[in-house]
Amino acid sequence: MEQKKKLAGTCETCVFYDYDEDYDTYECSVNLDQDELARFLSGSTNACPYYRFYDEYKSVQKQI
């Protein structure tokens, strides 16, 4: 259970964690193949290999 909380916390700060208006939920927008999805759901991965930190201030700096 603690590992799931850790993954959820990590997902919330990821670039690929997007809001889906149709389902009114947040979801990962990375297209995983069948093997990657199975590893991720089984919890056998220590960290998501696609995780990228979303820094909203970094995108604002580019606009200035």
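Residue numbers count from 1 along this sequence.
Side-chain polar atoms of Thr13 and Tyr51 form a donor-acceptor pair below 3.5 angstrom.
A donor-acceptor contact shorter than 3.5 Å links the side chain of Ser29 to the backbone of Phe16.
Taking a 6.0 Å sphere around OH of Tyr19, one finds it holds more than 12 heavy atoms contributed by other residues, nucleotides or ligands. The number of heavy-atom neighbours closer than 6.0 Å to CG of Asn31, taken from other residues, nucleotides and ligands shown, is 12 or below.
The two atoms that bring Asp22 and Asp20 nearest to each other are N-OD1, 3.1 Å, heavy atoms only.
For the atom pair Tyr54 OH and Cys14 SG, the distance stands at 11.5 Å (nearest 0.5 Å). Put simply, CD on Glu36 and SG on Cys48 are 9.0 Å apart, with the number rounded to the nearest 0.5 Å. Summarising the geometry, atom SG belonging to Cys28 is positioned 10.0 Å from atom CG belonging to Leu37; distances are rounded to the nearest 0.5 Å.
With contacts defined as side-chain heavy-atom distances shorter than 4.5 Å, the pair Val15/Tyr50 does not qualify. You'll find the side chain of Val30 reaches within 4.5 Å of the side chain of Leu32, heavy atoms only.
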